[in-house]
Amino acid sequence: MRLSALLSATMLATTPLLAQTSPMTTPAPTAAPAAAPTPVSTDIADPYIWLEDKDGPKALAWVEAENAKTLPRLQNDPRYATLYAEALAIGSAKDRIPMPDQRYGRIYNFWRDADHPHGIWRWTSEADYASPAPKWTVALDLDALGTAEGKQWVWKGATCLQPEDRRCLVALSEGGEDAITYREFDLATGAFVPGGFVLPKSKQGATWIDADTLFVSRDWGAGTMTTSSYPFVVKAVKRGQPLDQAREVFRGEASDQLGTYANVLTDGSGNRAVMIQRRPTFFGGKTFIEVDGAFKPLDLPARVFPAGMVDGQIVFSLSESWGKAPAGAIASAPLSAVRTGRFTPTVVFAPNARQSVDGTAFTKGTMIAAIYDNVRGRAVVFTPGAGGWTSKAVALPDNVSIDVASASDRNDRTYLSVTGFLQPTTLWAFDAKAGAPREIKALPPKFDASNHMVEQFEATSSDGTKIPYFVVHRKDIALDGTTPTIMTAYGGFEISMTPAYSGGMGKLWLERGGSYVLANIRGGGEFGPAWHDAGRKTKRQIIYDDFAAVGRDLIARKLTSADKLGIYGGSNGGLLMGVEFTQHPELWKAVTIQVPLLDMLRYQKIAAGESWVDEYGSVENPDERAFLAKISPYHNIRKGVAYPEPYIWTTTKDDRVGPQHARKFAARLKEYGLPYYFYEDTAGGHSGDADIAQAARMQALQMTYFMQKLVGPAK
């Protein structure tokens, strides 16, 4: 996973579905360029600054009044109760695949269902895990813990001591915020360690140095957090030592966009490297390695980062070229050479123009990479040896998304997740060093896909670039523009959107005759760093042109029409929806804007906004400010324009993007007499899924909105 995933796409249970693809040969029409947005004065006073007081009583009273208007419109629709029940049943089902996490010679899994809405952390043996009905032992029950402590604890993962693996730092969030609390947990006893490490609530990161030492980045007090709200001071915390006595080991700068964190790389051969990454910009950083107690800088390009280590070879992911290794490649160098600070990389894999590396994982003797070719996934095993690296493709189903579910440097046992729009997710196990994969678990179908198919088309954007997109629809679809269709994309931060199975999307939408579209627009990572860089900062308009081009292409093919086309996206995808709402209101009948950025002239002052200057540009740069003013949805709403009535939703607990953008956008629409739906949930953080019920509610509300706008009144 790239560090850019710190700003992740918010898809909830409406994530893309999955299926076999068969491109059609119909020629794509040329898209008309988007109309140039009207320049906006940036000197006008903002009358809704008061809504930026996230937890202020006046702002929360406004939210309560808006919710009171929106919820009855959606929840009183006779379809809502059924949609909610279906979403809740899918989210609560016990027949889902318990994804594996190899630790301490066991298989761990975090699990939520109707009996455990906030979830349990549990384990079983490796041998029992492959059985149809593993016997699980509960290590930590978040519902019970929350009841005992009066908290709504949300699971944020665990980082464990290697090679011992017995002790872990469990990360817990109140209500889903990015700020977390760490507590030391003993996997052997299944309990929190009495008198063990406890790191109070903060945006923070911690890594084990040894059994009694942590390197911690957190809020240490005044002057230790960046202007974008991330920690930049790393300290060594000793067991039993008060935090105010921790020794500083490294310091970044307050102006850094992301902060500074420690990390330890290990491999199955016993090699170990303690490293620190300082992130002056979101995509660029400086990496240091500990040598004889001091941290030595590595002579690396800014967008090259260590990804892992195997057999003494440190592997790097490249978002820019490095020596003979092109941007998007995987490269390596011996640990002994890396310790010198200056070294020459060996190219392990170099993608072509239509390929990308979506992630890497490491076993005792291999590296496994998820590689996408025209947005179709495959897994490749790379093995280091005396003569260099060798590679072997893993024999798995084609035209799907593939991810490494679990790998460990203790052995070569690997678990791969395989999924497609219409193909329920399956889990495959294999020995990465020798052996063929075998399917060990399969998700039962959550909807009837027998009458559906997936096609991949291309639209032509404003600069002539071909933009691929997937359409999931009934086989007997009438090409007359009458099919209700919802479309999504992300378009930012080098994050790829790939085929995935969504029982919620299938059951709530596809089974009812709707179509679903996933657009692979620029700004993402579907075709590597160049696909992302094409839309950064003042080049960003091309991202919005790409999305509009796909909408026009759908209409030209008569797969749908403007009166039947709805769109949705979250976070950066919420910004995308806001821009499409203001720039192309004629293309959409419905627009769902989820946990969005919308005020692009003040985004740097809201929540973690300052950290995204590397993606969007800064208002402090005159050229970038002028561009941001042209695209900022909040500033480009116009009186008298026939906009579709949008559904805007956010959460009070979102401490990443913040609810302020959504509030102000709705307030501006109200000021101009324009119709809208607005809903703000009180929990859930940036993802809106603090528990199963909330995730089901958010999905049912959104689907009810799409039913009302694209299908019509309930019959």
Side-chain angles (χ1 to χ4, degrees), residues 37-71 73 227-229 569-583 585 591-610 612 616-620 625-641 643-682 686 688:
T38 305
V40 175
S41 170
T42 60
D43 300 324
I44 300 174
D46 187 341
Y48 300 113
I49 291 289
W50 58 275
L51 285 171
E52 293 185 14
D53 185 6
K54 185 170 80 73
D55 299 307
K58 183 180 178 182
L60 292 180
W62 179 90
V63 167
E64 185 176 359
E66 290 294 325
N67 286 353
K69 290 187 294 184
T70 294
L71 286 178
R73 294 183 63 191
T227 53
S228 54
S229 76
S571 193
N572 172 73
L575 170 61
L576 170 65
M577 296 303 111
V579 173
E580 297 300 336
F581 174 85
T582 54
Q583 290 190 3
V591 181
T592 294
I593 305 172
Q594 308 169 334
V595 289
L597 292 95
L598 293 168
D599 181 349
M600 297 309 291
L601 296 184
R602 284 186 60 80
Y603 87 92
Q604 291 171 248
K605 299 181 181 296
I606 298 172
E610 183 67 27
W612 308 319
Y616 299 124
S618 172
V619 295
E620 297 174 5
R625 180 186 177 95
F627 176 77
L628 289 169
K630 289 180 181 179
I631 67 161
S632 178
Y634 177 61
H635 296 91
N636 283 283
I637 303 170
R638 295 289 177 262
K639 295 179 181 179
V641 174
Y643 294 110
E645 183 176 21
Y647 172 42
I648 310 151
W649 71 256
T650 186
T651 77
T652 309
K653 283 287 189 179
D654 183 359
D655 57 348
R656 192 182 310 178
V657 167
Q660 296 91 329
H661 292 270
R663 294 174 181 176
K664 292 170 64 177
F665 192 76
R668 178 57 54 80
L669 291 172
K670 183 176 183 179
E671 175 191 345
Y672 288 177
L674 297 168
Y676 64 92
Y677 297 69
F678 174 90
Y679 176 61
E680 181 175 321
D681 208 306
T682 57
H686 190 54

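Just so it is clear, the structure is predicted and the values come from calculations on it, not from any experiment.
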Please report the shortest heavy-atom distance between Val63 and Glu680, naming the atom on each side.
-> CG2-OE1, 3.2 Å
Can you see which heavy atom on Pro644 is nearest to which on Pro646, and at what distance?
-> O-CD, 3.1 Å
Heavy atoms only: give me the nearest Leu674-Ile637 pair and the separation to one decimal.
-> CD1-CG2, 3.6 Å
Begin with the C-alpha distance, continue with both residues' side-chain angles, and end with the deciding distance and a verdict on salt bridge (charged side-chain N to carboxylate O under 4.0 Å, His left out) for Lys605 and Glu610.
-> CA-CA 7 Å; Lys605 299 181 181 296; Glu610 183 67 27; over 6 Å; no
Under 6.0 Å from the CD atom of Glu64, do we count more than 12 heavy atoms belonging to anything else shown?
-> no
CG/Leu669 to CD1/Ile648 distance, rounded to the nearest 0.5 angstrom?
-> 5.0 Å
Can any side-chain N or O of His686 pair as donor or acceptor with the backbone N or O of Asp654 at less than 3.5 Å?
-> no
Any salt bridge between Lys54 and Asp655, counting N to O under 4.0 Å?
-> no
Which atom pair, heavy atoms only, marks the closest approach of Thr652 to Thr682?
-> OG1-CA, 3.8 Å
With sequence neighbours left out, the residues meeting side chain to side chain donor-acceptor pair (under 3.5 Å) with Ser618 are Gln604
Taking all heavy atoms of Pro596 and all of Leu598, pick out the closest pair and write down the distance.
-> CG-CD1, 3.5 Å
Residues at least two apart in sequence or cross-chain that pass ring-ring contact (aromatic ring centres under 6.0 Å, His included) with Tyr677, listed by chain then number, are Tyr705
Less than 4.5 Å apart, any side-chain heavy atom of Trp612 and any of Leu597?
-> yes
Six-ring centre of Tyr48, Arg663 cation under 6.0 angstrom, axis tolerance 45° = no
Test side chain to side chain donor-acceptor pair (under 3.5 Å) applied to Ser632 - qualifying residues, sequence neighbours left out | His635
Could you please spell out the steps behind the side-chain contact (heavy atoms from CB on, under 4.5 Å) verdict for Leu628 and Tyr603?
-> CA-CA 10 Å; Leu628 289 169; Tyr603 87 92; 4.2 Å; yes
Measure the shortest side-chain to side-chain distance between Tyr676 and Lys69 over non-hydrogen atoms and say whether it is less than 4.5 angstrom.
-> yes
Residues Phe678, Trp62; criterion side-chain contact (heavy atoms from CB on, under 4.5 Å); working and verdict | CA-CA 11 Å; Phe678 174 90; Trp62 179 90; 3.8 Å; yes
Euclidean distance, Glu671 CD relative to Arg668 CZ, rounded to 0.5 Å = 5.0 Å
Asp55 side chain to Leu60 main-chain N or O, any donor-acceptor pair under 3.5 Å?
-> no
Are any of the side-chain nitrogens in Glu620 or Arg625 under 4.0 Å away from the carboxylate oxygens of its partner?
-> no
Determine, stepwise, if the pair Asp599 / Gln660 fulfils side-chain contact (heavy atoms from CB on, under 4.5 Å).
-> CA-CA 9 Å; Asp599 181 349; Gln660 296 91 329; over 6 Å; no
With sequence neighbours excluded, tell me which residues meet salt bridge (charged side-chain N to carboxylate O under 4.0 Å, His left out) with Glu645.
-> Arg73, Lys709
Shortest non-hydrogen contact from Arg638 to Tyr672?
-> C-CD1, 4.2 Å
Is Asp53 reaching over with its side chain to a backbone N or O of Lys58, donor-acceptor style, under 3.5 angstrom?
-> no
Under the ring-ring contact (aromatic ring centres under 6.0 Å, His included) test, residues paired with Tyr679 that sit two or more places apart | none
To the nearest 0.5 Å, atom CE of Met577 lies from atom CG of Asn572 at 9.5 Å
Given side-chain contact (heavy atoms from CB on, under 4.5 Å), test Ile593 with Phe665 step by step and report yes or no.
-> CA-CA 10 Å; Ile593 305 172; Phe665 192 76; 3.9 Å; yes
Considering only NZ, NE, NH1 and NH2 on the basic side and carboxylate oxygens on the acidic side, decide whether Glu52 and Arg602 come within less than 4.0 Å.
-> yes
Can you tell me if Asp681 uses its side chain to pair, donor with acceptor, with the backbone of Thr650 under 3.5 Å?
-> no
Can you name the residues that form a ring-ring contact (aromatic ring centres under 6.0 Å, His included) with Tyr643, not counting sequence neighbours?
-> Phe581
Roughly how far, to the nearest 0.5 Å, is the CE atom of Met600 from the CG atom of Leu575?
-> 5.0 Å
One should read off an interatomic distance between Leu601 CG and Ile631 CD1, to the nearest 0.5 angstrom, of 9.5 Å
